[in-house]
Amino acid sequence: MLERIRNSLGYHLIFVMGITLFAGFTIWAYFNIRYQKEKMMNHILVWTDRLGETIKLGTEYAMMLNARDNINQSIQNIGRLEAIDSIRIYNKDGEIKFSKNLAEINTRTNIRNEACHVCHKTEPPAVDLPLTQRVRVLQTVEGHRGIGIISPIRNAPGCSTGDCHFHSPEKNILGALDVVVSLKETDQDILYFEEGVILLSAFLFLSTAAVIFCFILRFVNRPIMQLIEGTQRIARGDFSTPIHIPYRNELGQLADAFAAMGKRIEEKQQELRNQRIQYQTLFERVPCIITVQDRQFRLLQYNREFSKRFDPQPGDFCYKAYKDRSEKCPECPVEWTFADGKGHYSEETGYNKDGSRTYWVVQTAPIKDAEGNIVAAMEMSIDISRSKQLEEQLAESERKYHDIFNNIPNPVFVLDIKTLDILDCNTSAETIYGYHREELIGKRFLELFPEGEREDYAFKMLTASVVNKARQIHRKGNTLFVNIRISPSEYAGQSVLLVTTTDETKRIEAEQQIIQASKMATLGEMATGVAHELNQPLSVIKTASSFFIRKIERNEPIPEAILQTLAKEIDSHVDRATRIINHMRQFGRKTEVQLEKVNLNDVVKKSFEMFSQQLRARGIDVEWHLSETTPWIWADAARLEQVFINLLINARDAIEERMEKTGNPSITKKILLKTQVLQTTVTASVADTGSGIPPEILDKIFEPFFTTKQVGKGTGLGLSISYGIVRECNGEISAVNNDDGGATFIVQFPRIEDSLKSEERG
């Protein structure tokens, strides 16, 4: 019982608070008593000092008159006060001249005794001392304490000039007054005060301690005992009995917290029970294999899947159940887990109980006791037989893919989507481009294009899915024309561009030869008109030169104005002939496909310049309706010029064919040249008043070698070549019959910004 009390919180609180209270009241009593004693002593001290001064003042006049009887009488009268023990007046030699006790008069004392010592302890004797140094506490003959104050009697001016006696002015001190006051009543008052303070402190201490004891017992100890009982019930699993504390202070809140904790523990225990059931269910029904083994690899526990697959017997070893071995596997992840306490991974193969071969992935983990010692190992195996089969199929598929990839007749490149670096390519790329595969891998695909065109092709590679007739460079420096197909793909876990190129070099060279032949045929068609065009400036030059010769032969001066006029005419017609010859040279030159910004109005005008004389010679009028502002298009200006010349030739032939069929030379002979800007396209049309196109062949006129002209008048290549040129420039060409006779050929191109968008859409 004592041990329990000594270990209780209430005991410690009472003990600590009792010690604190006792120390507090003791200190308070000590300082209070000390203060009151000092206060009373100071009061006695001041009163005694004033009494001494009063005695000196009261006897001063009698001393000046040397009235000794008066002085004695005054001292005797004052000495009758009960509080005064003694009054003495000493002369300078230490002799008592006046005293309350008459027997002491004229007796000599030792000047070094306690009354005089305060001044005579130094040589010369001290004259001015503070009150605190002139005070002494002594024991009286009656047995009680007394307080004495000695005061110097100074030489007053009246003493040194008196008639009855005198003292020399050199003497400052004539004697001393010693007054001793009894402290008997004061000590009794102090004793009564001390006893009162001590009794009050003891009473306050005991009453306060009793209040604290009762408070702690009721508001601390009893609730704590209830909390202890409640927590013990919770520890025993009793969560239904509440902890009842009727106070809403911290202990009451603590009781509520314990109650909430008990409820939460009950909920958690229920959750743990549910989880234990759930985990047991998962352990049994999980579709993977789980076993628990000891250090001897004996099966301690296994789930239903393991039992279904391997048909283990009680006490089997894992290697016996898994693989029907008589000893453990050479590399055992369970053994590694017991060795280092870490999880391990491995791939295993074995046989099911039906004899089928199976593959599985093994993952182990240690099972430890409360002290951290490994007592078992858990081994979880996942069947990967299906994955193994898929891996084998994937490997076979990859092998086939590589075979197909390398044997595709067209070059195939795998490009980094950001840098356009070649990540891989097939063997056909070596054949077409002349590089070894090792040289191509790591090389920028743009390096296969001409240097000045790489930025344009870089933009097209990233925005378009098809790039037709792109120029590339063979390793030997030859130009290759290829069609490029671009598609995004995945390669080795990264985004790439899968690029396939088709070598069109031979086909384009053949087309260029055909186009060149068509140009030559067109130049032959225009020979008469060109000769007439050149004949006119030559005639002007001939006339001017003949005029100069006649003037020179006749020695006639040529007026400066006429000379200047003829010189300008010769110069302008020479420039005209030069333009015609340069135009024919450019038109007849064999050129490569080069798309650039072109104004469609300019192309139509230049085409007409070369053919205008032929039309005028045949009496064919040309009507113009050109748009004032024509946006740029992407085209090859030289080839596009050939298209419009072919259309003008066809229009001319259609008009002449109609004249031959009708035999009416007065029919309208007119060609309408028109350009217009639509919302997203720029169009040019060539309309004639000829015989038109039969509806049944309208969809065949752009086919190669198809012609409606008589034998010997057409090759059937003009419109086919024009169709190819227009398509190369991302345009379209079509033909329709006019309502009033004749036909109209319409050429349509996307505006330059819309052509970029169409390339982006692929």
### Message
For the residue pair Asn410 / Ser428, report whether a side-chain donor-acceptor contact shorter than 3.5 Å exists.
### Response
no
#### Entry: Distance-minimising heavy-atom pair for Cys288 and Ile382
CB-CG1, 4.0 Å
### Min side-chain heavy-atom separation Phe413-Leu440 under 4.5 Å
yes
### Task
Determine whether more than 12 heavy atoms belonging to other residues, nucleotides or ligands lie under 6.0 Å from atom CD of Glu628.
no
### Query
Is there a side-chain contact between Val604 and Phe608, using heavy atoms and a 4.5 Å cut-off?
no
#### Entry: Candidates Thr683, Val682, Val677 - the one meeting side-chain contact (heavy atoms from CB on, under 4.5 Å) with Ser627
Val677
### Query
Side chains of Leu672 and Ser685: does their closest heavy-atom pair fall under 4.5 Å?
no
### Query
Above 12 or not: heavy atoms from other molecules or residues under 6.0 Å from NE2 of His474?
yes
### Message
Which heavy atom of Pro488 sits nearest to which heavy atom of Leu497, and what is that distance?
### Response
CA-CD2, 4.2 Å
### Task
State whether the number of non-hydrogen atoms from other residues, nucleotides or ligands found under 6.0 Å of Glu451 atom CD is greater than 12.
no
### Message
Nearest 0.5 angstrom please: Ile484 CD1 to Leu448 CG, how far?
### Response
9.0 Å
### Task
Looking only at non-hydrogen atoms, find the nearest pair between Leu600 and Ala684 and report the distance.
CD2-CB, 3.5 Å
### Message
Would you compute the distance between atom CD of Gln676 and atom CD1 of Ile746 and round it to the nearest 0.5 angstrom?
### Response
8.5 Å
### Closest contact, heavy atoms only, Phe405 versus Asn426
O-CB, 2.9 Å
### Task
Test Leu673 against Leu648 for side-chain contact (heavy atoms from CB on, under 4.5 Å), laying out the working first.
CA-CA 9 Å; Leu673 296 177; Leu648 289 171; 4.0 Å; yes
### Chi angles and distances behind the side-chain hydrogen bond (donor to acceptor under 3.5 Å, both in side chains) call for Ser734, Glu732
CA-CA 7 Å; Ser734 59; Glu732 296 180 0; over 6 Å; no
### Query
Under 3.5 Å, is there a donor-acceptor pair between the side chain of Arg658 and the main chain of Thr689?
yes
#### Entry: Whether over 12 other heavy atoms sit under 6.0 Å from Lys443 NZ
yes
### Query
Do Val499 and Met461 come within less than 4.5 Å of each other through their side chains, counting heavy atoms only?
yes
### Trace of the side-chain contact (heavy atoms from CB on, under 4.5 Å) decision for Glu596 with Val598
CA-CA 6 Å; Glu596 57 186 357; Val598 173; 4.0 Å; yes
### Task
Would you indicate whether the side-chain heavy atoms of Val482 and Val467 approach each other to under 4.5 Å?
no
### Query
Does the side chain of Asn483 come under 3.5 Å of the side chain of Thr502 through a donor N or O and an acceptor N or O?
no
### Task
Test side-chain contact (heavy atoms from CB on, under 4.5 Å) on Ile733 and Ile725 and set out the steps.
CA-CA 10 Å; Ile733 183 171; Ile725 292 173; over 6 Å; no
### Query
From Thr675 OG1 over to Asn601 CG, what is the distance, rounded to the nearest 0.5 angstrom?
4.0 Å
### Task
Please report the shortest heavy-atom distance between Thr358 and Trp360, naming the atom on each side.
CG2-CZ3, 3.2 Å
### Task
Run the salt-bridge test on Asp688 and Arg652 with the 4.0 Å N-O cut-off and return the result as yes or no.
no
#### Entry: Min side-chain heavy-atom separation Ile752-Ile633 under 4.5 Å
no
### Message
I'd like to know if the side chain of Arg437 reaches the main chain of Cys425, judged simply by a donor and an acceptor atom lying under 3.5 Å from each other, with no hydrogens or angles considered.
### Response
yes
### Message
To the closest 0.5 Å, what do you measure between CD1 (Ile693) and OG1 (Thr744)?
### Response
9.0 Å
### Summary
Rounding to 0.5 Å, atoms CG (Asp602) and OG1 (Thr630) come to a distance of 8.5 Å
### Task
Count the heavy atoms of every other residue, nucleotide or ligand shown that sit under 6.0 Å from CE of Met380, and state whether that count exceeds 12.
no
### Query
Which pair of heavy atoms, one from Asn737 and one from Ala743, lies closest together, and at what distance?
OD1-CB, 4.0 Å
### Query
Do the side-chain N and O atoms of Gln472 and Tyr457 include a donor-acceptor pair separated by under 3.5 angstrom?
no
### Query
Taking side chain as C-beta onward, heavy atoms only, is Phe749 less than 4.5 Å from Val726?
yes
### Salt-bridge present (Glu439, Arg475; N to O < 4.0 Å)
yes
### Task
Could you walk me through whether Glu490 and Ser495 pass the side-chain contact (heavy atoms from CB on, under 4.5 Å) test, one step at a time?
CA-CA 5 Å; Glu490 292 287 332; Ser495 299; 3.4 Å; yes
### Query
Are the side chain of Arg751 and the backbone of Thr681 linked by a donor-acceptor contact shorter than 3.5 Å?
no
### Message
Please report the interatomic distance NZ(Lys669) to CD1(Ile620), rounded to the nearest 0.5 Å.
### Response
6.5 Å
### Validation row: Ser381, Glu348 side chains within 4.5 angstrom (heavy atoms)
no
### Query
Between Asp421, Leu415, Asp416, which is the residue that forms a side-chain contact (heavy atoms from CB on, under 4.5 Å) with Arg444?
Asp421
